[in-house]
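This is a predicted model, so every value here is computed, not measured. Just follow the structure's listing: the first ligand is 1, and inside any ligand the first atom is 1. Along the sequence shown, the residues carry numbers beginning at 1.
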Amino acid sequence: MSDNGHQNVTMITCTAPVNIAVIKYWGKRDEELILPINSSLSVTLHQDQLKTTTTIACSKSFQEDRIWLNGKEEDIRHPRLQSCLREIRRLARKRRNSGSPTSDVTSVSHKVHICSVNNFPTAAGLASSAAGYACLVYTLSQLFGVDGELSVVARQGSGSACRSLYGGFVQWKMGERSNGTDSVAEQVAPESHWPELRVLILVVSAEQKSVGSTSGMHTSVKTSDLLTYRADAVVPSRMEEMIGAIRQRNFAAFGELTMKDSNQFHATCLDTYPPIFYLNNISHKIISLVHRYNQHYGEIRVAYTFDAGPNAVIYTLQEHLPEFLQVVCHFFPPEVNGGEFLKGHPVHSSPLSEELKRAINLEPTAKGIRYIISTKVGPGPCVVEDPDLHLLGADGLPKKNA
Ligand code: 2P0
């Protein structure tokens, strides 16, 4: 934390990761508190490729709370932002009243300036609300010296955000209480647990913007009987199986459960009335490709999962990554001169056998995939120590490039 003497501005910068669910959250039992109808489980992605960075400054001289997202000032009165600010300030006051010696007694009543940027384009269609709210809540907690149950606060910004407060493999337990105090995120295993696990994000070309998650899941809860069945009869045992597969580093079990859960989530979208379509023809083709690849080897080497859009997230092991990447590039040839096709963590090149191409037997689709981000499992939120990296200047306003 840095304290700029003459302005009396206290400032802190933190980063937080994106997470991709392998057991999906879809549906709320309480929309105000964001309490889910089922538990979910996700993998935290590495921040070298995907992260949100947030700087928060507080000062007695600030007139009002303000927020800038990706270079543009936004309305701080957004109800979910207000929930997070209110809950963190409540925890900070509680801590101060309990006489904790380390709490910053002056700053709780001060207004804050928040500036947040993603290191990936919002247009890529990757969920940014999870990393964004996790980063907001984590940075506020550092600023105000709060160390309570932060996942309860982040959850009230965006449900999936509570899972971005931890690295590695994370479950969000749905809880039972109506006040939500037991609806919390917990780490199942740290990022070091399964070092061979690799992630590819296949950014698919999409023509239209899909239905937002919040309104989509609202309609699903109201209309889909399959969703009720999923939450009551499928997810509880699936969570147990998934936790077991992760603990044992059993890729075949992890991959099969991941694909089945993605498919069931999209089935509940189709069962929603009117139906919601998140997958497009390219997504369907990626699904076929993965199944044909696994079929050829007679084992699950690669698994897909899809969220509220057409992009695929692929999980695989390091040993299979180079070949599978070649397969993707062969069946989805990139646009010539279309810029960098593979971004992120480098992958060794690998030859592709004619036998494998024949076995997969799909018609190549040029330009179906815009680009690929290669990444792995990563850690939870971090404090950025270097004051040069603050997104706000000493005057509490965004620096030119923020
Ligand atoms: C998930 N998704 O588990 C699921 C799978 C999308 C598909 O969590 O209304 O943005 O803010 O709680 O967290 C997206 O939903 O929705 C989501 P809100 P959120 O990752």
- For G396, does its backbone N or O pair with a side-chain atom of H113 as donor and acceptor, under 3.5 Å? yes
- Query: Which atoms of ligand 1 are found less than 4.0 Å from any heavy atom of G159?
  - Reply: 11 (O), 12 (O), 13 (O), 18 (P)
- Subset of ligand 1 atoms that lie under 4.0 Å from at least one heavy atom of K28: 9 (O), 12 (O), 18 (P)
- Looking only at protein heavy atoms, which one is nearest to atom 19 (P) of ligand 1, and how far off is it? S158 OG, 3.5 Å
- Number the atoms of ligand 1 from 1 as they appear, then name those within less than 4.0 Å of a heavy atom of R80, with their elements. 9 (O), 11 (O), 18 (P)
- Backbone N/O of L200 and side chain of S374: donor-acceptor pair under 3.5 Å: no
- Message: I'd like to check which ligand 1 atoms, numbered from 1 as shown, lie under 4.0 Å from a non-hydrogen atom of F265.
- Response: 7 (C)
- Query: At under 4.0 Å between heavy atoms, which part of S129 makes contact with ligand 1: side chain, backbone, both or neither?
  - Reply: side chain
- Can you tell me the protein heavy atom closest to atom 17 (C) of ligand 1 and the distance? Y25 CD2, 4.0 Å
- Query: atom 14 (C) of ligand 1: which protein heavy atom is closest, and how many Å away?
  - Reply: S213 OG, 3.3 Å
- Query: Should the heavy atoms of other residues, nucleotides or ligands under 6.0 Å from CG of N281 be counted, would the total exceed 12?
  - Reply: no
- Query: What about the rings of F254 and Y315, do their centers lie closer together than 6.0 Å?
  - Reply: yes
- Applying the side chain to side chain contact (heavy atoms under 4.5 Å, CB included) test to Y293, which of I360, V328, I300, T316 qualifies? I360
- Under 4.0 Å from one or more heavy atoms of A21, ligand 1 contributes atoms 1 (C), 3 (O), 20 (O)
- The protein heavy atom nearest to atom 1 (C) of ligand 1 is R163 NH2, 3.4 Å
- Task: Specify the protein heavy atom at minimum distance from atom 13 (O) of ligand 1: its residue, its atom name, and the distance to 0.1 Å.
- Result: S160 OG, 2.7 Å
- Message: Just to verify, which of T54, T55, V383 counts as forming a side chain to side chain contact (heavy atoms under 4.5 Å, CB included) with T13?
- Response: T55
- Query: Under a heavy-atom criterion of less than 4.0 Å, does R155 contact ligand 1?
  - Reply: no
- Among all protein non-hydrogen atoms, which one is nearest to atom 16 (O) of ligand 1, and what is the separation to 0.1 Å? M217 CE, 3.6 Å
- Query: What part of I34, side chain from CB on, backbone N/CA/C/O, both or neither, has a heavy atom under 4.0 Å from ligand 1?
  - Reply: side chain
- Task: For Y229, look at atom OH and say whether over 12 heavy atoms of other residues, nucleotides or ligands are found less than 6.0 Å away.
- Result: no
- ligand 1 atoms in contact with T214 (distance to a heavy atom under 4.0 Å): 9 (O), 11 (O), 18 (P)
- Task: Using the test salt bridge (charged side-chain N to carboxylate O under 4.0 Å, His left out), find all partners of K173 that sit at least two apart in sequence or belong to another chain.
- Result: E186
- Under 3.5 Å, side chain of R96 to main-chain N/O of L91, donor-acceptor pair present? no
Can you give each donor-acceptor pair under 3.5 Å made by side-chain atoms of residues 346-355, sequence neighbours left out, with the distance rounded to 0.1 Å?
residue: S353; atom: OG; partner: L356; partner atom: N; Å: 3.0
residue: E354; atom: OE2; partner: K357; partner atom: NZ; Å: 3.1

- Closest heavy-atom approach to atom 6 (C) of ligand 1 among W26, Y278, F306 is made by W26
